[in-house]
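Notes to accompany the following structure.
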2 protein chains.
Amino acid sequence: MEEKLVKFESAFSIDCVIFGFEAGELKILLIERKDNPFKDWLALPGDLVKNHEGIEESAERILYELTGLRDLHMEQFHTFGDVNRHPRGRIITVAYYALIRIDGQRELKPGNFAKKALWHSVNDLPKLAYDHTEIFKTGFTKLRRRLSYQPIAYELLPEKFTLTQLQQLYEAILNKKLDKRNFRKKMLSYGFLKELDEKQKNVSFRAAKLYKFDRRKYSKIFQNELGVDIDNP
Amino acid sequence: MEEKLVKFESAFSIDCVIFGFEAGELKILLIERKDNPFKDWLALPGDLVKNHEGIEESAERILYELTGLRDLHMEQFHTFGDVNRHPRGRIITVAYYALIRIDGQRELKPGNFAKKALWHSVNDLPKLAYDHTEIFKTGFTKLRRRLSYQPIAYELLPEKFTLTQLQQLYEAILNKKLDKRNFRKKMLSYGFLKELDEKQKNVSFRAAKLYKFDRRKYSKIFQNELGVDIDNP
DNA sequence: TCTCAATTGTGTAATTTTTACACCATTATT
DNA sequence: AATAATGGTGTAAAAATTACACAATTGAGA
């Protein structure tokens, strides 16, 4: 059963704050809108939720259509439902953030309602369409808070990375300088970083060791620490 | 403009997990449903969001109608949107938790669709209507996680309380025993507990000192520690 | 009024975690 | 061979957390 008419009097949508990390900078993926309202503005990728899909599913679809990627780290973080947040009617939107590895080769498909999709540094964002600036800020704050108790950052790095890259990523998200020795000590103490027999290439200085995440160990440590409490009904 | 017809093909609702603390037990406020679906089942208080109200506003209204209280500590914690979560159509629901002081005197108004409202211990909840058991569990987990980094528990206690009561409340939420001396040391170190010149009455043992929260000091300590990051756009 | 039962209120030492801090090593480039 | 740039490492001080036991107070009841 295909939908023809969007019920603007009462509908729900998904908006995604998609984080990536590139050249030492934290970025988000934005689209440039083709039409009114907010023609030519930058906006968060999003769509109306279809009748046959759950909201989680819808968020995954939006991400897949845009990036071709599935099974990303995604998290619902807030729902925005002010009466006038959307000029075309009463639409509440469920916001998710996602963490993805930026890959310059990958083609982004902005979809029918956008001219293009682009990565934009979080540090000098223009005003976004609708209430998307607020949504972004909320999502960024949630990500930051989350990172301070769960080391999810590796989702943003390439498979092999140096400790300096990891530290730069933390610094970009937490927005503060960290001490190199203490940072390394801490990260290595978790035990889910695996040192590789490989070094950085093509750098004109001492090459750093490469590491990768051991997902198995990571899960063991962090799943029961954060999931639904086992002792409760 | 009054609504006559509820658009069940696509609507949103609010559900509230309302926590209270009484007789050393953590409780939530439930309603007993009058009609189908889920006639006679216990459910979380909730309602459809009206066209003219924001979701926050809607949550506040639901709480006010039920308890007569305003300005409660409320927090949106998750939105549930599985396709088949509601037997009567596609309804996604935004869930809030609230913390309130149980007052046996206060009359609860269950509303038109419920037979009654009652406080129920969180420890032996029956299966709830719809997906409300899942909503409750998620809310409880969020509350627990929040409490471990922000001492919000005082919202659940009477104005004057003993440190033992406070500890019991923490134990009920975190679901584990705490060390009395360490607990007191920690709580008092925050500096927002004010010792009163008053003691417990009507107990057949050594009466404990009463304390109250100093909201002013509390806010100073915890507002900038958790709010939106000041350094970011 | 004495005793009992129940609960309050208190401090210290050991352990763990966090913080602060500086220099030599390695590599590519010239 | 010197230089420029970054990688990689350890220790000591401070702070936070944990573990742990007993005397003091009160009302109830004999």
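So that the names make sense, note that chain A is the first sequence line, chain B the second, and so on, each numbered from 1. No hydrogens, no waters, no symmetry mates; every other heavy atom, side chains included, goes into these values.
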### Message
How many whole angstroms separate atom NZ of K199(A) from atom P of dG7(D)?
### Response
12 Å
### For atom CG of L210(A) and atom P of dT27(C), their distance in whole Å
13 Å
### Task
Please report, rounded to the nearest Å, how far the P atom of dG8(D) is from the CG atom of L166(A).
13 Å
#### Entry: ring-ring contact (aromatic ring centres under 6.0 Å, His included) involving Y170(B) - partner list, sequence neighbours excluded
F183(B)
#### Entry: Any K212(A) side-chain heavy atom under 4.5 Å of L196(A) side chain
yes
#### Entry: T164(A) side chain near dT6(D) phosphate (N/O to OP1/OP2, under 4.0 Å)
no
### Task
Specify the separation, in whole Å, of atom CD of E195(A) and atom C1' of dG8(D).
11 Å
#### Entry: Between dA2(D) (P) and F205(A) (CZ): distance, integer Å
23 Å
### Summary
Judged by nearest nucleotide, the residue sitting upstream toward the 5' end of DNA chain D, L163(A) or A207(B), is L163(A)
### Test: R70(A) cationic atom under 6.0 Å from Y64(A) six-membered ring centre, within 45° of axis
yes
What pairs of donor and acceptor atoms, side-chain ones from residues 199-210 of chain A against any protein atom, are under 3.5 angstrom apart with sequence neighbours left out?
{"from": "Q200(A)", "atom 1": "OE1", "to": "A208(A)", "atom 2": "N", "distance (Å)": "3.0"}
{"from": "K209(A)", "atom 1": "NZ", "to": "E195(A)", "atom 2": "OE2", "distance (Å)": "3.3"}

### Query
Does any donor atom in the side chain of T164(A) or R184(A) lie under 3.5 Å from an acceptor atom in the other side chain?
yes
### Task
Answer with yes or no whether R206(A) presents, from its side chain, a donor or acceptor under 3.5 Å of a partner atom in the base of dA5(D).
no
#### Entry: Separation of atom CG in N202(A) from atom C1' in dT29(C), rounded to whole Å
15 Å
### Task
Tell me which residues in residues 178-194 of chain A put a heavy atom below 4.0 Å from DNA chain D, sorted by number, or none.
K180(A), R181(A), R184(A), K185(A)
### Task
Give the ring-plane orientation class for Y190(B) versus F192(B), where under 30° counts as parallel, over 60° as perpendicular and anything between as tilted.
parallel
#### Entry: Cationic tip of R33(A) above F38(A) ring, under 6.0 Å, 45° of axis
no
### Query
Q200(A) CD to dA28(C) C1': how many Å, rounded?
13 Å
### Query
In whole Å, what is the span from the NZ atom of K177(B) to the P atom of dA19(D)?
15 Å
